[in-house]
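Within every chain, numbering begins at 1; the chains are lettered A, B, ... in the order of the sequence lines, protein sequences first and strands thereafter.
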Amino acid sequence: MANLRDITMSGRDEQEFSIHWIQDVVDRVLARDVDDYLISAGKSPSGRIHIGILRELIVCDVIKRRLVERGKNARTMFVIDDYDPVRSFPPSTSLSLDKYAGVPYSDVPDEFGCCESYGAHWANELIETFPEFGIDPKIVWTSKLYETSEMLEEVRICLRKTETIRDIMVEYVARDFNEEQKQQYTEGMKTWFPASIVCPNCGRLQSGVKGGIEPNRVTEYDPNTDEVSFACPGCGHAATLPLSDVRIKLTWRVDWPAKWHLFKVTCEPAGKDHAVKGGSYDTGLEVSRRVFGWKGPVKVPYEWVQIGGRDMATSEGIVFIPKTWLEIAPPELYRFLMLKTDLKRTINIQPDRIPDLVDRYERFERSYYGIDNPTDEERELAELLYPLSEAETPSEHFIPKLSYKFAIVTSQLEALLGKEVVLERCKEAVRKQHDIEELCPETISHIPIRLSRARAWVSEFGSERDQIQVTEEVPQDVRQTLNEQDREFLATMLELLKGQPKNDEELQTAVFETAREIGMKPRRAFTVFYRLLISRKSGPRLGPLLNLLGPDWVAQRIESIL
RNA sequence: GGGCUCGUGGCGCAGCUAGGUAGCGCAGCAGGCUUUUAACCUGACGGCCGCGGGUUCAAAUCCCGCCGAGCCCGCCA
């Protein structure tokens, strides 16, 4: 990313320098100068769909938003490749791979019984989160798409141009082969066709699993009769049938450009697996040019999203899904992370850092509203990215929110204090932190959401220190921090605790008074107590905490270190 | 083997395209807010910018090499 100053100098509409990757991409898309801009993304529902795909969808969404701002017609589309054949199942499934290997995801039953198919189930789990993430692409299911006459026509074009496609395949796929491999590949391509058939007998597009796949490929196509032949390697069924009577699917590297052509896709991002030089995207563009006679979409390569420093892999069960994100963090934070990071950089989502990130995002939000004296740079960055990060159009005025870190503590006190009390205290905390008298309805209605997310975060991703809990014994290093005066203070408090029971406020006051009596700074007194109780230098309001733990327990605790 | 990306204080990152005294957040440390629900504010500490060469008056930045980490690269999708 270039210097933010460039944006201020050149104004917002006529950029000479790109200040952010969004500008670059949008400029490249605008150069196509078409009447309708279609920004597309796609995913095969091979199992639980992890949060990485949201990077692609959000990139599509911001491109669309920027185009619409320029007065263009722009839409987004999400292609669900549920017509793809099963190659493997995630470890968690109860379905038999033997039974379904090679069958389109749309033909595999939903083991949970709630959706039309296996593919639909996992796709729907993702799609349901779209409104919260502020995206609304037109959904296209390839299993349905292939039933249309328009798509069949694309297939027909490809079959008629098989020769050209063979040339492209040899050119691109065999590029790095040695002579022997190349020869072998070229020989094999002489009888190759760019499509497979769902066997009318066994229902498979291909046989075998990852590593040993044999497609039920078209073996012959007669352009005069429009008939295709095939011989299923799975069940042995062979036939020659009219193209309109079979369920056919183009091979991946051709399927993609055929869809681009059918919908006239202007731009489609691609993860690095597809975007690599000479990979399926480049092959697709070549097919677009030589088979369909048009340019194809603007290629936007992007790096993957990692979780906790590891790549996500559905097949290995390493998944973090959008739904989980929404349980612990606001969607706009995810959008922000996707936007602020350069496309070529891996984004590492670290769930344990969520509280910090949420609070940082809200500082960023205040920059947008000009609160807290943002620098020019901060303000410019916020002006570009904040509206794109928010799921909906930003409100006129800043809406204060309960601090996430604060919510971590208070959400855990709900069980003890009751929801009403906690809610009141949260309201008080927001008033105090933002120095306001009256809270707006949006602020109030947001508090329970934040509490619920914080609570879920603590239980799923919080470390021990995030949980309000006490160790069995006072750790040695804590004992060592105590000086004579600290001990004197604790001894005095010990006597108090053994006397008449006191309410929260009385205890809180007693800490201050006792500290002053022996000439100790109150601050130190609190630190000493928190260290003793929870090995931290600060913590929840002390009076209630002491009563929560019980005067007897606290007394014992003090005695153990005196 | 071919290719891409990254390597900057304990952790996470910015700065590199257009070379000019090394920055931010978090954690840790010290203090402040004369009653603190991990909030907030201030301060100090902390880095031979992976290693080695080169270009230059000047290199985290440009060039070459190396080391380390990660990823992609048959069919299939």
Side-chain angles (χ1 to χ4, degrees), chain A residues 1-3 6 17-18 42-44 46 81 83-88 102 105 173-178 181 184-185 188 196 205-215 217 249 251-253 255-256 271-280 301 303-304 306 309-311 340-342 344-346 348 350 352-353 355-357 359-360 363 402-413 417 421-422 425-426 428-430 432-435 465-466 468 504-513 515-516 521-527 530 534 536-545 548:
Chain A
M1 191 179 16
N3 203 308
D6 296 345
F17 306 93
S18 69
K43 182 79 182 100
S44 183
S46 53
D81 289 309
Y83 199 37
D84 286 355
V86 172
R87 289 179 295 160
S88 64
Y105 289 115
V173 177
R175 165 178 297 184
D176 297 325
F177 289 6
N178 62 35
Q181 287 174 310
Q184 214 177 346
Y185 188 80
S196 298
L205 265 166
Q206 60 186 31
S207 298
V209 293
K210 236 174 193 171
I213 288 170
E214 290 182 273
R217 207 177 290 287
K249 180 186 179 305
T251 195
W252 166 243
R253 284 174 192 257
D255 166 90
W256 208 5
K272 60 179 172 184
D273 48 341
H274 297 308
V276 281
K277 229 171 265 175
S280 54
E303 253 286 354
W304 286 352
Q306 294 189 328
R310 300 182 65 189
D311 277 334
K340 83 175 201 11
T341 313
D342 196 278
K344 66 170 192 254
R345 312 242 347 183
T346 302
N348 185 13
Q350 300 183 98
D352 52 322
R353 296 185 86 105
D356 186 36
L357 291 171
D359 282 352
R360 276 183 79 175
R363 241 170 287 159
L402 177 69
S403 152
Y404 196 99
K405 287 178 184 166
F406 191 95
I408 288 171
V409 178
T410 46
S411 65
Q412 294 182 74
L413 299 175
L417 303 176
V421 175
V422 166
R425 288 184 177 173
C426 287
E428 185 54 41
V430 179
K432 196 170 156 190
Q433 186 179 345
H434 295 276
D435 194 26
R465 52 158 289 205
D466 298 309
I468 296 181
D504 294 353
E505 277 310 307
E506 287 167 344
L507 273 177
Q508 182 82 13
T509 307
V511 173
F512 279 92
E513 288 175 350
R516 289 197 194 97
K521 286 196 172 184
R523 159 101 188 168
R524 177 77 190 174
F526 279 91
T527 303
Y530 287 121
I534 56 177
R536 307 280 309 162
K537 65 178 183 181
S538 55
R541 194 175 165 87
L542 196 52
L545 180 65
L548 212 65

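The shortest distance between side-chain heavy atoms of A/P522 and A/V511 does not fall below 4.5 Å. In this structure the side chain of A/Y105 never reaches within 4.5 angstrom of the side chain of A/D81, judged on heavy atoms. Side-chain contact between A/I408 and A/P355 is present, with heavy atoms from C-beta onward closer than 4.5 Å. Side-chain contact between A/Q508 and A/F526 is present, with heavy atoms from C-beta onward closer than 4.5 Å. Residues A/Q350 and A/L357 form no side-chain contact, since every pair of their non-hydrogen atoms from C-beta on lies 4.5 Å or further apart.
Rounded to whole Å, atom P of B/C40 lies 6 Å from atom NZ of A/K405. In this entry the distance linking OH of A/Y105 with P of B/A77 reads 11 Å, nearest Å. Atom P of nucleotide B/C33 and atom CZ of A/R524 are separated by 16 Å, given to the nearest angstrom. With rounding to whole Å, A/D356 atom CG is found 11 Å from B/A39 atom P. If you take CD of A/E513 and P of B/U35, they are 13 Å apart, rounded to a whole angstrom. In this structure, CD of A/E303 is placed 10 Å from P of B/C72, rounded to the nearest angstrom. Rounded to an integer number of Å, the gap from A/Y530 OH to B/A39 C1' is 12 Å. Across the protein-nucleic acid pair, A/F526 atom CZ and B/U34 atom C1' stand 11 Å apart, rounded to whole Å.
Put simply, A/R345 has a side-chain N or O that comes within less than 4.0 Å of OP1 or OP2 on B/A14. OP1 or OP2 of B/C76 lies within a sub-4.0 Å distance of a side-chain N or O belonging to A/T251.
With both ends at atom P, the span from B/A27 to B/C63 equals 38 Å, rounded to whole Å. When the P atom is compared between B/G3 and B/G74, the two are found 16 Å apart, to the nearest whole Å. Atom P of B/G50 sits at a distance of 10 Å from the matching atom of B/A60, rounded to the whole Å. Nucleotides B/A22 and B/U61 are separated by 13 Å at their P atoms, to the nearest Å. If you take atom C1' in B/G52 and the same atom in B/A59, they sit 15 Å apart, rounded to whole Å. One C1' atom belongs to B/A39, the other to B/C33, and the distance between them is 12 Å to the nearest Å. B/A30 and B/C64: their P atoms are spaced 49 Å apart (whole Å). Look at the C1' atom in both B/C26 and B/G9: the space between them is 13 Å, to the nearest Å.
The partner of B/C40 is B/G32, by the rule that a Watson-Crick or G-U pair needs both atom distances under 3.5 Å. When both pairing distances are held under 3.5 Å, B/A22 makes no Watson-Crick or G-U pair with any nucleotide shown. Summarising the base pairing, B/G68 is matched to B/C6 through a Watson-Crick or G-U wobble pair whose two defining distances lie under 3.5 Å. When both distances must be under 3.5 Å, the Watson-Crick or G-U wobble mate of B/C16 does not exist. Pairing partner, B/G1: B/C73, with both Watson-Crick or wobble hydrogen-bond distances short of 3.5 Å.
Annotation: side chain to side chain donor-acceptor pair (under 3.5 Å) contacts of A/E303 (sequence neighbours excluded): A/K272, A/T346.
Nucleotides of RNA chain B nearest to A/D273 and A/S403 differ in position, and the one nearer the 5' end is that of A/S403.
Of the candidates B/G70, B/A77, B/U35, B/G70 carries the atom nearest the A/Q306 side chain, counting heavy atoms from C-beta on. With distances taken from any side-chain atom of A/V173 to the nucleotides B/A77, B/G25, B/G74, the minimum falls on B/G74. For A/K272, the side-chain atoms get nearest to B/C71 when compared with the rest of B/C71, B/A77, B/G25. For A/I213, counting side-chain heavy atoms from C-beta on, the closest listed nucleotide (B/U35, B/C76, B/C26) is B/C76. Closest to the side chain of A/W252, from the set B/A77, B/C76, B/U5, is B/A77.
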Check: protein-nucleotides 43-46 of chain B nitrogen or oxygen pairs below 3.5 Å:
none

Restricting both atoms to N or O, compile the protein contacts to nucleotides 9-12 of chain B shorter than 3.5 Å, with distance only.
from  : atom 1 : to     : atom 2 : distance (Å)
B/C11 : O2'    : A/R353 : NH1    : 3.2
B/G12 : O4'    : A/R353 : NH1    : 2.9

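Looking at heavy-atom distances under 4.0 Å, A/R217 makes contact with sugar-phosphate atoms alone, never a base. The residue A/H434 sits apart from the nucleic acid: no heavy atom pair falls under 4.0 Å. Among the atoms of the strands shown, none is found under 4.0 Å from any heavy atom of A/V511. At the heavy-atom level, A/Q206 lies under 4.0 Å from the strands shown only through sugar-phosphate atoms.
Contact record, A/Q206 with A/P215: CB-CA, 3.6 Å, taken as the closest heavy-atom pair. Across every non-hydrogen atom of A/G102 and A/P85, the tightest pair is O-CB, 3.5 Å.
Atom CG of A/N348 sits about 9.5 Å away from atom CZ of A/R353, to the nearest 0.5 Å. The CH2 atom of A/W256 lies 5.0 Å from the OG atom of A/S280; values are rounded to the nearest 0.5 Å. Rounding to the nearest 0.5 angstrom, the gap separating the CG atom in A/D273 from the CH2 atom in A/W304 is 4.5 Å.
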### Query
When you look at A/V422 and A/S411, which way does the side-chain contact (heavy atoms from CB on, under 4.5 Å) test go after all the steps?
CA-CA 8 Å; A/V422 166; A/S411 65; over 6 Å; no
